[in-house]
Amino acid sequence: MKITCDDLKSAYKSSIQKCIPPSREGCPSQENILRVFEKSTPALEKEEIINHVVKCAYCLREFELFLALVRDENKAAKEISEYLGKK
């Protein structure tokens, strides 16, 4: 049986989604989760947030939403830049 990287990601994500804390107490704010994607955020702060996200289903969902938004924003910026470069 061949296991792919996508298989491992799916299994890991499924495992995290079962880690539902009893409350959001102790979770980073949405603003702090979003700071992970900012270049100016210190590496130690990013590491602390990521360490929490990989153990909390609530924060994982928010992180994935922000990740999708950042990726879409980067894609749109690239497409606009390419479009303007062709003119």
Side-chain angles (χ1 to χ4, degrees):
M1 179 171 142
K2 183 175 180 178
I3 298 175
T4 67
C5 186
D6 287 339
D7 293 334
L8 291 174
K9 286 179 187 178
S10 179
Y12 184 68
K13 185 176 173 182
S14 176
S15 174
I16 292 173
Q17 289 175 340
K18 294 176 185 170
C19 299
I20 301 173
S23 74
R24 298 292 308 254
E25 189 175 327
C27 290
S29 67
Q30 292 175 342
E31 291 81 11
N32 283 344
I33 293 173
L34 185 56
R35 285 178 46 82
V36 168
F37 301 99
E38 298 174 2
K39 291 179 182 179
S40 62
T41 304
L44 184 58
E45 184 179 340
K46 289 180 182 184
E47 184 179 330
E48 289 173 357
I49 294 168
I50 294 298
N51 284 339
H52 176 85
V53 167
V54 299
K55 298 175 188 164
C56 177
Y58 296 127
C59 294
L60 175 64
R61 287 186 205 117
E62 291 175 357
F63 179 86
E64 288 179 327
L65 172 65
F66 292 139
L67 178 60
L69 291 172
V70 168
R71 286 179 174 165
D72 287 346
E73 179 182 39
N74 290 339
K75 182 180 176 186
K78 180 181 175 190
E79 289 174 357
I80 290 169
S81 177
E82 289 172 356
Y83 175 77
L84 294 175
K86 292 179 182 178
K87 288 192 163 202

(message) If you compare all heavy atoms of I33 against all heavy atoms of E62, which two are closest, and at what distance to 0.1 Å?
(response) CD1-OE1, 3.2 Å
(request) Work out which heavy atom in V54 is nearest to a heavy atom in N51; give both atom names and the distance. (result) CG2-O, 3.4 Å
(message) Within this structure, what is the CG-CG distance for the pair L60 and L65, rounded to the nearest 0.5 Å?
(response) 11.0 Å
(request) Give a yes or no on whether R24 atom CZ has more than 12 heavy-atom contacts from other residues, nucleotides or ligands under 6.0 Å away. (result) yes
(request) Determine the minimum heavy-atom distance between G26 and H52, stating which atoms define it. (result) O-CE1, 4.0 Å
(message) Given D6, which partner from the list T4, I3, L8 fulfils the side chain to side chain contact (heavy atoms under 4.5 Å, CB included) test?
(response) T4
(request) Rounded to the nearest 0.5 Å, what's the gap from CZ on R61 to SG on C56? Could you check? (result) 8.5 Å
(message) Just verifying a value: how many Å separate T41 OG1 and E48 CD, rounded to the nearest 0.5 Å?
(response) 12.0 Å
(request) Working to the nearest 0.5 Å, report the span between CZ of R71 and CZ of F37. (result) 8.0 Å
(request) Supply the atom-to-atom distance Y58 OH to S23 OG, rounded to the nearest 0.5 angstrom. (result) 7.5 Å
(request) Apply side-chain hydrogen bond (donor to acceptor under 3.5 Å, both in side chains) to E47 and list each qualifying residue two or more places apart in sequence or on a separate chain. (result) none
(message) Please enumerate all residues that pass side-chain hydrogen bond (donor to acceptor under 3.5 Å, both in side chains) together with E45, with sequence neighbours excluded.
(response) R35
(request) Look up atom CG in D72 and atom CG in L67, then write down how far apart they are to the nearest 0.5 Å. (result) 9.5 Å
(message) Taking salt bridge (charged side-chain N to carboxylate O under 4.0 Å, His left out) as the definition, give me every residue that meets it alongside E64, ordered by chain and number, with sequence neighbours left out.
(response) K13
